[in-house]
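Encoded as structure tokens, the structure appears first; notes follow it.
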Amino acid sequence: MTGQKDTLGEHATLKDPSQENGVIQTQYSAISPPASPVAQDEPFSTYFEERVPIPDDADQFFSFRKLWAFTGPGFLMSIAYLDPGNIESDLQSGAKAGFKLLWVLLGATIIGLLLQRLAARLGVVTGMHLAEVCNRQYPTVPRIILWLMVELAIIGSDMQEVIGCAIAFNLLSVGRIPLWAGVLITIIDTFVFLFLDKYGLRKLEAFFGTLITVMAISFGYEYVMVAPNQGELLKGMFLPYCAGCGPPQLEQAVGIVGAVIMPHNIYLHSALVKSRDVDRNNKKEVKEANKYFFIESTVALFLSFLINVFVVAVFAQAFYGKTNNEVSLKCNETGSPHTDLFPSNNDTLVVDIYKGGVVLGCFFGPAALYIWAIGILAAGQSSTMTGTYSGQFVMEGFLNLSWSRFARVLLTRSIAIVPTLLVAIFQDVHRLTGMNDFLNVLQSMQLPFALIPILTFTSLHSIMNDFANGLFWKIGGGVVILVVCAINSYFVIVYVSALNSVPLYVLSAIFSIAYLGFVGYLSWLCLIALGVTCLDFGSRLAIPVAQDVYSMGLSGHTDLYLLTDMDSDGLMDR
């Protein structure tokens with residue numbers, strides 16, 4: 001007990017804000033990563049070997065030099081908004097609904113920006129990313145379950161990226177590189193790209209910026225060539241209405257939200273911001289970092305939104321309302337080797353990232369097909385790398401386990417590659433692209449396991465101090481997360497209902513009970529953090545030292561429950 005009291009006493013000292021030599025000592029300094037072998041003032045960075053210095057322009061309200069110094073993490077984060085799963089969702093949206101769902105894409109991107117803001121603020125203010133905070137705040141069993149759910153999301157995203165790259169190699173080689181060979185190539189190139197960060201963080205960020213530029217040029221070329229109707233485009237973007245839409249369009253709208261907002265991306269962004277040299281004990285520097293990271297994220301997501309719009313508009317203008325028969329005839333005229341993809345019937349054209357490249361080639365020439373494939377390849381390769389980083393952060397944060405890059409990639413790549421490779425060998429491209437629907441459902445189910453924790457922890461004064469969410473962000477964030485989770489739940493229900501299998505229905509029902517129970521548990525803790533104190537009925541029983549916690553100077557009773565589960569042994573002497 002004496003040791004525990006000493007720890008709590010130290011904890012109380014750290015929690016008490018004070019001003020010393022003009023530097024604000026903040027509450028959020030209390031939760032720090034485990035002590036590293038070398039004593040240091042700042043928390044140990046688990047991945048980056050360098051930190052980008054921030055220029056001192058003290059008298060300026062806005063500095064482009066500072067913005068440039070903070071530029072990088074937001075663009076790496078934005079790549080998740082441009083992965084092959086997003087591109088497929090975009091082209092299907094255009095082919096099924098024309099321009100009518102562009103407003104859904106705009107709304108989903110704005111919601112994504114607000115959620116990424118919370119993730120970046122957590123990383124800047126605490127010096128830890130979301131997985132590390134979860135490790136210190138949740139009990140052991142929920143923490144392990146949460147880690148497994150996030151790993152599933154990362155593996156699902158990884159499989160989509162592998163599929164996208166394999167299809168791109170197949171299109172670029174005019175079928176000479178079979179799909180299974182394309183899958184194997186993605187194993188090799190990922191390890192090659194992993195060594196790029198040895199050349200420095202800024203060079204790595206520049207490389208990702210180059211890949212985004214390749215995507216912008218590739219899909220921008222298709223946009224200029226097709227020349228969409230600008231009036232219809234603006235109408236679809238800013239008029240939240242879908243005239244004549246039915247269940248297929250509604251399902252597509254839900255799919256857009258699920259494809260844009262990625263669970264592992266919240267964990268990734270909260271970690272990437274740690275790469276900047278910000279003094280967390282200086283409130284002014286923290287506030288400034290939050291401002292510039294938000295500006296940078298806004299610019300990055302705006303560019304990703306434009307690229308997504310390019311894809312939607314191309315397929316809305318050229319292929320909305322087209323039938324298989326029309327496409328088949330056109331491909332026959334041009335001598336395309338892929339004519340057999342489109343049966344001679346009057347059913348509405350259904351496209352994926354593979355068929356999308358083929359129909360572009362049939363209608364606009366081979367150059368359109370190859371440029372499309374280059375864009376898909378850039379999307380797949382860039383998102384593969386960010387998925388690898390996400391996996392590294394999540395494993396280290398949740399398990400306090402540091403693996404080498406090689407071991408980490410070998411594990412996740414193997415899990416992602418094996419089923420994808422089997423489908424590529426024994427099935428055809430239709431089955432391979434069809435996996436994307438299942439993978440989108442899988443990732444939609446994991447969204448609560450990123451959104452609920454990020455709102456919970458950014459709302460706690462004991463963690464965020466003066467940067468905790470205010471009433472507007474608590475209510476707004478809660479509503480946004482509720483809407484996003486409800487939309488994705490509908491997406492999952494529609495997908496399961498279409499399976500037409502009683503055993504699968506029973507299995508889904510059993511799984512749903514456990515799933516909803518865990519989501520309910522996380523939501524309960526989140527509501528406590530948001531200030532619903534009447535739900536905090538367990539903390540007094542869980543903490544025999546509750547009065548000591550009160551004496552620590554915490555901002556209120558709402559922090560008690562979560563703080564009880566913090567691993568005191570993990571605190572770093574400061």
Side-chain angles (χ1 to χ4, degrees), residues 75 78-79 81-106 108-109 164 167-168 171-172 174 208-239 252 256 259-260 299-322 326-327 330-331 333-336 338 349 351-383:
F75 282 88
S78 72
I79 285 171
Y81 291 73
L82 296 167
D83 70 347
N86 272 287
I87 301 302
E88 180 155 318
S89 176
D90 292 337
L91 65 89
Q92 289 177 346
S93 171
K96 290 181 180 179
F99 299 99
K100 298 174 186 176
L101 295 180
L102 277 173
W103 63 273
V104 178
L105 177 62
L106 175 61
T109 305
I167 289 173
L171 289 174
L172 285 171
V174 199
F208 281 107
T210 301
L211 291 177
I212 293 175
T213 303
V214 170
M215 283 184 268
I217 294 173
S218 299
F219 299 131
Y221 169 85
E222 311 284 359
Y223 181 85
V224 172
M225 176 171 286
V226 174
N229 185 314
Q230 300 302 303
E232 289 296 314
L233 186 149
L234 293 175
K235 180 181 174 182
M237 189 179 299
F238 297 108
L239 185 62
Q252 188 58 46
I256 290 172
V260 168
V299 173
L301 288 189
F302 175 72
L303 291 177
S304 73
F305 172 71
L306 285 182
I307 294 173
N308 283 315
V309 168
F310 289 162
V311 178
V312 175
V314 164
F315 283 83
Q317 181 69 35
F319 306 113
Y320 175 53
K322 286 283 194 303
E326 290 177 273
V327 176
K330 187 67 176 178
C331 288
E333 289 177 12
T334 57
S336 170
H338 306 287
L349 175 68
V351 287
D352 49 44
I353 54 175
Y354 184 78
K355 286 184 179 179
V358 172
V359 295
L360 284 171
C362 292
F363 279 79
F364 301 102
L369 185 152
Y370 294 131
I371 291 172
W372 169 262
I374 290 171
I376 296 297
L377 183 61
Q381 295 293 358
S382 57
S383 51

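If you're wondering where the values come from, they're calculated on a predicted model, not measured in any experiment.
Applying the 6.0 Å contact sphere to NZ of Lys322 captures more than 12 heavy atoms from other residues, nucleotides or ligands.
Here the side chains of Leu239 and Trp103 are not in contact, with every heavy-atom distance at 4.5 Å or above. Using a 4.5 Å heavy-atom cutoff, the side chains of Phe363 and Phe319 are in contact. Counting heavy atoms from C-beta outward, Leu369 and Leu171 have side chains that approach closer than 4.5 Å. Between Phe305 and Leu82, every side-chain heavy-atom pair lies at or beyond the 4.5 Å cut-off. Using a 4.5 Å heavy-atom threshold, the side chains of Ser78 and Ile212 count as touching. Within the 4.5 Å cutoff, no side-chain heavy atoms of Val309 are placed close to those of Leu106. Proximity of Phe238 to Leu102: side-chain heavy atoms (C-beta onward) are nowhere separated by under 4.5 Å. Counting only heavy atoms from C-beta outward, the side chains of Tyr354 and Glu88 never approach each other to under 4.5 Å.
With values rounded to the nearest 0.5 angstrom, Ile87 atom CD1 is found 14.0 Å from Tyr81 atom OH. To the nearest 0.5 angstrom, Gln230 atom CD is 15.0 Å from Lys235 atom NZ. Atoms CG and CG, on Leu377 and Leu211 in that order, are 9.0 Å from each other to the nearest 0.5 Å. Rounding to the nearest 0.5 Å gives a distance of 8.5 Å between CD of Glu222 and CZ of Phe364. To the nearest 0.5 Å, the span separating CD1 on Ile371 from CG on Leu360 amounts to 10.0 Å. How far OG1 of Thr109 is from CG of Leu301: 7.0 Å, rounded to the nearest 0.5 Å.
Distance alone, capped at 3.5 Å, places no donor-acceptor pair between the Ser89 side chain and the Gly85 backbone. In this structure, Gln317 contributes its side chain and Asn229 its backbone to a donor-acceptor pair below 3.5 Å. Using a distance-only test at 3.5 Å, with no hydrogens or angles considered, no donor-acceptor pair links the side chain of Glu232 to the main chain of Phe99. In this structure a side-chain-to-backbone donor-acceptor pair under 3.5 Å is missing from Asn308 to Leu105. Here the side chain of Ser218 pairs no donor or acceptor atom with the backbone of Met215 at under 3.5 angstrom.
Here the closest non-hydrogen pair linking Gly356 and Val351 is N-CB, 4.4 Å. In terms of heavy atoms, Ala313 sits closest to Tyr223 at CB-CE1, 3.6 Å. The minimum heavy-atom distance between Ser383 and Gly380, with the atom names listed, is OG-O, 3.2 Å. Contact record, Gly98 with Val312: O-CG1, 4.1 Å, taken as the closest heavy-atom pair. Minimum interatomic distance between Ala367 and Tyr221 (heavy atoms only, all atoms of both residues): CB-OH, 4.0 Å. Nearest heavy atoms, Val214 versus Ala378: CG1-CB, 3.9 Å.
A centroid separation of 6.0 Å or more is found between the aromatic rings of Phe310 and Phe219. Between Phe315 and Trp372, the distance from one ring center to the other falls under 6.0 angstrom.
Partner of Val314 under the side-chain contact (heavy atoms from CB on, under 4.5 Å) criterion, out of Val226, Asp90, Leu91: Val226 alone.
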Practice item. Kindly indicate, with the supporting measurements, whether the criterion side-chain contact (heavy atoms from CB on, under 4.5 Å) is fulfilled by Val327 and Lys330. Key: CA-CA 5 Å; Val327 176; Lys330 187 67 176 178; 5.7 Å; no
